[in-house]
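Just below is one structure, and these are the notes that go with it.
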Amino acid sequence: MTDTTELSKAYEPTEVEARRYAFWLERNYFRAEAPSDKPPFSIVLPPPNVTGSLHIGHALTATIQDILTRWKRMSGFNALWLPGTDHAGIATQMVVEKELKKTEGKSRHDLGREAFLERVWEWKGKFGARIGEQHRYLGASLDWSRERFTMDETSSAAVREVFVRLYEEGLMYRAQKLINWCPSCHTALSDLEVEHQEKNGSIWHIRYPVKDTDRTLTVATTRPETMLGDTAVAVHPEDERYQDLIGKHVVLPLSGREIPIIADAELVDPKFGTGVVKVTPAHDFNDYQTGLRHQLPMLSILDESARMTKETGKYAGLDRFEARKQVLADLQEQGLLEKEEPHKLSVGTCQRSTTVVEPRLSPQWFVKIEPLAKPAIEAVEQGRTKFVPESWTNTYFHWMRNIHDWCVSRQLWWGHQIPAYYCTACSPRQGDDSDLPLDAATVKVGGVDFARAEPIVAREQPTSCPKCGGATFIQDPDVLDTWFSSALWPFSTLGWPRNTPDLQTFYPTSVMETGHDIIFFWVARMMMMGLHFMGDVPFRTVYLHAMVRDEKGEKMSKTKGNVIDPLDVILGASSDKLAPTLKNKFPQGMPAFGADALRFTLASLTQQGRDIKLSMDRLAGYKAFCNKLWNASRFALMNMGEFTLDERPLKERPLTLADRWILSRLQRATTEARASLETYGFAEAASTLYQFLWAEFCDWYIELAKGSLYGTDEQAKDSARAVLVYSLDRILRLLHPFMPFITEEIWQKLPMSRSVDSIMIASYPEPDADLVDEAAEAEMAPVIASIEGLRTIRGESNLSPATKVKAVVQSPDARTRELLERWRAYLMPLAGLSEVEIGAPGTKPPQAAAFVGTNLEIYVPLAGLIDLDAERDRLRKEIARTEQEAAGVLRKLENPNFVAKAPPDVVEKDRARVEELKERKAKLQDHLQRIAPEPAMPAAPPSESSTPTQSVEPAEADIATEADVATEPSTPPGSVAPLETPPPAEGGAEYETLAESTEEEEPAAAPAEVKVAPDAEAEGNVDLAEELKDEFEAVGGVPEAADPQVQDALEKLRAGTKEGLSPADHHDLGVAYMSMGLVDDAMREFNTARAGGDAREVPAAAEQTVASTAKAVVKATLAAVKKASSIAKDAVVEAVSASGEDEAPAAPVKARPAKKAAGKKAPAAAKKAPALKAKGAKGAAKKAAAKKAPAKGAAKKAAAKKAPAKAAAKKSAAKKAPAKGAAKKAAAKKAAAKKAAAKKAPAKVAAKKAAMKKGAAKKVAAASKKPVKKAAGRKAPAKKGTGAKPKARAKARR
RNA sequence: GGGCGGAUAGCUCAGCGGUAGAGCGGCGCCCUUACAAGGCGAUGGUCACAGGUUCAAUCCCUGUUCCGCCCA
């Protein structure tokens, strides 16, 4: 029994999350076993900086790792996810130093090493817990019992052990080399910690006088101040210009030192600059190598803060950049500065401080990397470790193959102090530095000169000096690079160097999951260390995720103010707490999205490329998904009664089709989700589950199950309940790794027996082959197709869900009919039917809306409810699509090469497709004709139909109505709108009803005379009639149409509406359309003609010949035209007929500001042309304007001047309509329309052409190809012609 | 300078030889008793550009242009 009242109406994450995490902790579910009978699965968490706080990137890391861990745990693995934090040497030390300065005004030196380190530990204690707490909020199922820190005792022991062993193996050495030095952090950096930035600088040309000659050599340099440390100048050995100078000397300006001119092919590019390079071995990496090659002296002229040393004489004490200025000034004064040119150069900066890094000679500890890198390369080559995505493999190789020795010593205090000791008795003393080539201040500590002293490397401090027996030692003051201890993380955390059960159980770890930004810093180094010390790779798979950026793709940073704190997302935050960009987005504060929504979002975004743009909208969408899951569950629980799911297999229950269907679909979703997870397709898995839950389970199954649940059949009810619980249980378990909290919360409430107390230790669902039910899925297809077809009709006709309609569904397939008949109970509620008649194709209901699918024809015969005009539009559109697709496939089939060379199944498929399309088209056309305005009716003289007469013959209803629309809320002062048209014979009742309802809303009644209030504030007033006229004339003036046939047809059009045309007229009109390339229209006319008894042959062209480009263009134009302004032609005709004159401008429409018509005041336009259809007014105006309004120009201009607005207005005018509250509704939409109009643009020309419409199509086409093409392209993609809609969600189940 | 990615619907991205997809947004109709954080429907694409291969190219090849990242 379930207490359904427990589920609130909406999901509230915050409370649930806190409660559930506590529950898991209390039950110790996160704890992994060692040893264990279960197969191991292990991940070590990339340790975040202990004093930092988690950012959104960490949240991504945690999400992916938790998904993997929970999934594996549920799949029967002994899953370990090991947490820990990193001491983060420089970063942490800097933070604490800063704080010290701020609060006490002291430097670390004021405190002294020991006291300072105490402060850091204090700091770590104070903030170190934060990381853990944040992980808990995220729902991370980390084994807290194994939490580690890179400077805890075990890790430190591991570090010492590794250092000593490497030293013993000759892989760790101490040497004086040129390294990267940060003058503000006062420490050495590894190559990786230097970031290169492109900067605008200068290159200076300086003359160096050649000794004992009058000549000078001009060197080019970007760093003139370092000339004080030059020990040579170099030229290319083959450079003819300087051959004679090689071996001579130059006199170094400013210092007067004499330095040699050397030849070096590696350093010098004779084509660059002057071909002469100054060599400063102690301050440039290239020069350093040159210095080594030529055994040049290495003269250091910068101290640890990058100030000039005393060796530089007058410049001593100057900062390097001040020195540069001074040096240049002095050179200038001496006339030795030849020129300065702007120059782009790459400058290395410190990752931490962004200070420009200085190459500096100093004694440091290095790891000899090559012997370590080799096995690490091989391991990946052999596939013992794999990268996901695979593309990172090459990056890894490239770096590993070009790797340099790793400088691991840092002149910091916070970190692992290097286990090297110096005997105070026999080591060289401070001050005795006569043979040291550099300023060595930083290495003198405690009286010992470390630069020259012999280190004793040992795990523990030695007791006596092997050399002199001395008993006092000083430990090397430097600490190790933070990444040194990180490199050991996969085994140091498991207890190494002791051989612990953890180490035996969990090494190698299963997956290393981290950001691709630390592939070199960390991943590569772990590989080297793991292989070297454990003899095996540290992890089987490396999954590298993308970087998280903000919605605009910008890197998140405090300075940009776009940082998103995961905790704010999870818990919500008041606006004052938010970073600026977020504050903008959430002025009222950020709502609590919850950890599940955040996790699901991040998981869904992992499929993106190298960057993940975190969109708050996506986040909101996934929060909605949580809510959906919540409410679906709530629905189920509310309908459970006393039900509890027992062990009885579902198969043994009397299942309905819907039951069998969803169970089958669920098995497929299960298979897919599992497969995706196996390949790290987190986004794919998330999407599968999202789609299944929402689009299949909620949108279909729950709706279908309502029949059973609300019915009286107890068995059916019972089955539905069983299926609901079974399905939810599985969905929840499938989703659990992604959304741990909500799934646990709901799962606990499901009425069923459980073998375990928590979903997190329940088994991960496997597909049940018994429940895969092809037959059920096949049976369901026509049901779904029918419902969707009916919904399409309803939607297109804007029928309220409250309006129940009668439907006629016909299928030539007996099986389909039988199925539909059997499952009519599904059809009726979901499609909103009052009645459904299922049968073989036969008599079609008159005045019906239709939907034609594969093996399926659906009719809704409610002429009064369905907007036949719109319906015709839709059918035409549908036909055009069908035609277009058929033409495409046909073209392929007509190619003999295709038929000959393509695989037979492909050809066969295409043939079948063509047949299907043909059939479909025929049915659609057939239906279109059936609901077409009756041609057999007495022709109404144009003047009559356009006059404000009181009544029209019933048979003319449709057309007359159209006319009415065109003139309805006519505006011209004094003009009178015609009456609403009486209903047609067959649908009289409905039309009357409609008319009544119309009148309700438009009290003005049919002959309403509406005054158009000229809108004073409207910019760019446009007279619609004038516009029409302009357009009309623009295309050449109809009366002057060159082609007599065209002219004739148009005459007829102008003379009145088409209902007056005889079959012969229709045929002629068809020919005319044909000549214009308007195949669709032509065909329609021919059909009408035939139907009316005109037996003449359709001209060949009609079948499809007009295959010229012109045709395509014209067709495309037509398409654009149709879209932009449904039927301008009609508009024109209507206008003409309404005016009772021959010229369009005479239409009763009086100056309707186009803008208004389009957006603000569509109704106004309508007023002008009385019977304006509601839809025309609101929909058309908005749509037309919206779609392709010239966005470029101001909205204003766009709306007022260019086509779309006009087109819209015209469309409005053209459309006929039950004036049912059109004005009202349209008015309500003005804002939207306005906006829309302002929006987009490209179609400018096309839209304008569109307005010109069919009559002009030909010319239009000739006039402008591009827009036409575009329009065509847009229109082109044919809709799938199957019975069911090509809806994404629907697709999944077919 | 070298290398690696990317360019597909308004936005964020899947797809990667055989009829262009999703989420979000925008549009229309609905407060239908699980959910308005919702339902239903429709709209929206010269798959960057130019060549080539192929019966067939968004997909493969070559080149170009932009954008991003890494390395030197």
Side-chain angles (χ1 to χ4, degrees), chain A residues 4 7 9-11 191 196 346 391-392 394-395 398-399 402 516-517 519-520 547 551 553 591 597 604-605 607-615 617-618 620-639 683-684 687 690-691 698-699 702-703 706 710 788 791-802 829-832 874 885 888-889 892 895-903 905-907 909-910 913 917 1123 1175 1178-1179 1182-1183 1186-1187 1225 1229 1232-1233 1235-1236 1239-1240 1266 1269-1270 1272-1274 1276-1281 1285-1289 1291:
Chain A
T4 60
L7 287 193
K9 194 170 174 181
Y11 176 56
D191 297 345
H196 295 272
S346 170
S391 58
W392 288 109
N394 274 337
T395 308
H398 183 260
W399 189 73
N402 294 284
H516 67 69
D517 55 333
I519 183 171
F520 306 138
M547 300 291 103
E551 309 192 59
S604 296
L605 294 175
Q607 71 190 8
Q608 297 182 10
R610 293 199 168 193
D611 288 336
I612 288 177
K613 289 173 200 151
L614 181 62
S615 143
D617 290 337
R618 289 288 292 262
Y622 291 119
K623 188 190 175 194
F625 178 64
C626 291
N627 199 49
K628 191 72 182 175
L629 174 60
W630 184 258
N631 276 293
S633 307
R634 184 165 164 260
F635 167 81
L637 296 179
M638 283 168 75
N639 287 285
E684 204 176 42
S687 170
Y690 180 101
Q691 289 294 329
C698 291
D699 288 351
I702 285 187
E703 293 309 318
K706 282 176 180 172
Y710 297 159
E788 289 185 338
R791 281 174 175 172
T792 300
I793 290 174
R794 297 187 68 103
E796 290 286 303
S797 302
N798 285 342
L799 282 184
S800 151
L830 270 68
R874 195 176 67 77
E885 193 188 338
V889 184
K892 255 164 65 177
N895 179 348
N897 278 328
F898 171 70
V899 181
K901 296 190 184 173
D905 61 309
V906 171
V907 178
K909 224 174 89 190
D910 277 352
R913 183 76 183 134
L917 288 167
K1123 157 160 278 156
K1175 199 165 180 194
K1178 57 191 175 188
K1182 195 185 313 185
K1183 226 168 198 172
K1187 281 310 145 147
K1225 289 198 176 162
K1229 301 295 180 187
K1235 194 167 129 208
K1239 217 167 171 182
K1240 193 169 172 167
K1266 202 152 189 183
K1269 192 176 167 199
K1270 191 148 195 175
R1274 210 174 295 118
K1279 198 173 153 184
K1280 278 190 188 166
K1285 229 151 328 87
K1287 200 174 134 190
R1289 287 175 176 177
K1291 219 180 74 177

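In the text below, chain A, chain B and the rest are named by the order of the sequence lines, each starting its count at 1.
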Check: Excluding sequence neighbours, so at least two apart, what forms ring-ring contact (aromatic ring centres under 6.0 Å, His included) with A/F635?
Finding: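 With sequence neighbours excluded, A/F635 shows a ring-ring contact (aromatic ring centres under 6.0 Å, His included) to no residue whatsoever.
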
Residues that A/Y11 engages under ring-ring contact (aromatic ring centres under 6.0 Å, His included), provided they are two or more places apart: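 So A/Y11 forms a ring-ring contact (aromatic ring centres under 6.0 Å, His included) with A/W630.
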
Q.
Both A/G621 and A/D910 contact RNA chain B. Which one's nearest nucleotide lies toward the 5' end?
A.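 Residue closer to the 5' terminus by nearest nucleotide: A/D910.
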
Q. Taking the nucleotide of RNA chain B with the closest heavy atom to each, which residue, A/S633 or A/W399, is nearer the 5' end?
A.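 By nearest-heavy-atom nucleotide position, the 5'-most residue is A/S633.
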
Identify the heavy atoms of [X] and [Y] that sit nearest to each other, and give their distance.
| X | Y | value |
| --- | --- | --- |
| A/S604 | A/A683 | O-CB, 3.4 Å |
| A/F898 | A/D910 | CZ-OD2, 3.3 Å |
| A/N627 | A/A10 | OD1-CA, 3.5 Å |

By nearest atom, which of the nucleotides [options] is closest to the [X] side chain?
| X | options | answer |
| --- | --- | --- |
| A/T792 | B/G41, B/A34, B/C24 | B/G41 |
| A/A624 | B/A37, B/A34, B/G39 | B/A37 |
| A/R618 | B/A34, B/U12, B/G41 | B/U12 |
| A/F635 | B/A34, B/A37, B/C70 | B/A34 |
| A/Y690 | B/C70, B/G39, B/C24 | B/C24 |
| A/H398 | B/C71, B/A34, B/G38 | B/C71 |
| A/Q691 | B/G41, B/G23, B/C35 | B/G23 |

Report which part of the nucleic acid [X] touches: base, sugar-phosphate, or nothing (heavy-atom distance under 4.0 Å, all strands).
| X | result |
| --- | --- |
| A/I519 | nothing |
| A/F625 | nothing |
| A/A900 | nothing |
| A/C626 | nothing |

Worksheet item: Side chains of A/R618 and A/L605: does their closest heavy-atom pair fall under 4.5 Å?
Response: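 Yes, their side chains come closer than 4.5 Å.
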
Are the side chains of A/W399 and A/I519 in contact, using a 4.5 Å heavy-atom criterion?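 They are not in side-chain contact.
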
Find the distance [X]:[atom1] to [N]:[atom2] and express it as a whole number of Å.
| X | N | atom1 | atom2 | value |
| --- | --- | --- | --- | --- |
| A/N394 | B/G5 | CG | P | 8 Å |
| A/N627 | B/C24 | CG | P | 14 Å |
| A/E684 | B/A14 | CD | P | 12 Å |
| A/F520 | B/C69 | CZ | C1' | 11 Å |
| A/R791 | B/U43 | CZ | P | 17 Å |
| A/D617 | B/C11 | CG | C1' | 9 Å |
| A/R634 | B/G38 | CZ | P | 15 Å |
| A/I702 | B/U33 | CD1 | P | 15 Å |

- Give a yes or no on whether a donor-acceptor pair under 3.5 Å exists between the nucleobase atoms of B/A34, that is its base, and the side chain of A/E703.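 Check passes, donor-acceptor contact within cut-off.
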
**Message:** Any donor-acceptor pair, under 3.5 Å, between the side chain of A/K628 and the base of B/C35, if you only look at N and O atoms?
**Reply:**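 Donor-acceptor pair under 3.5 Å: yes.
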
For RNA chain B, the dot-bracket notation using Watson-Crick and G-U wobble pairs below 3.5 Å, [ ] for pseudoknot-type crossings and | for other-strand pairs, is ((((((((.[[[[.)..(..]]]]..((((.......))))......[[[[[..)....]]]]]))))))).

Any [X] side-chain N or O less than 4.0 Å from OP1/OP2 of [N]:
| X | N | result |
| --- | --- | --- |
| A/Y710 | B/A34 | yes |
| A/K706 | B/U33 | no |
| A/K9 | B/C35 | yes |

Please determine whether side-chain contact (heavy atoms from CB on, under 4.5 Å) holds for the pair A/R791 and A/L830, giving the CA-CA distance in whole Å, both sets of side-chain angles, and the decisive distance to 0.1 Å. CA-CA 9 Å; A/R791 281 174 175 172; A/L830 270 68; 3.9 Å; yes

Measuring only the [atom1] atom in each nucleotide, how far is [N] from [M]? A whole number of Å is fine.
| N | M | atom1 | result |
| --- | --- | --- | --- |
| B/C31 | B/C67 | C1' | 46 Å |
| B/G39 | B/G5 | P | 40 Å |
| B/C47 | B/G18 | P | 16 Å |
| B/A20 | B/U46 | C1' | 13 Å |
| B/C59 | B/U54 | C1' | 13 Å |
| B/U8 | B/U58 | C1' | 7 Å |
| B/A9 | B/U43 | C1' | 11 Å |
| B/A7 | B/C13 | C1' | 12 Å |

Can you name the residues that form a side-chain hydrogen bond (donor to acceptor under 3.5 Å, both in side chains) with A/D517, not counting sequence neighbours?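 Scan of A/D517 (side-chain hydrogen bond (donor to acceptor under 3.5 Å, both in side chains), adjacent residues dropped) gives none.
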
Sequence-distant partners of A/K706, side-chain hydrogen bond (donor to acceptor under 3.5 Å, both in side chains), two or more places apart: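 A/K706: side-chain hydrogen bond (donor to acceptor under 3.5 Å, both in side chains) contacts with A/E703.
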
Letter by letter from the 5' end, nucleotides 52-58 of chain B scores (B base, S sugar-phosphate only, - none; protein heavy atoms under 4.0 Å) ---B---

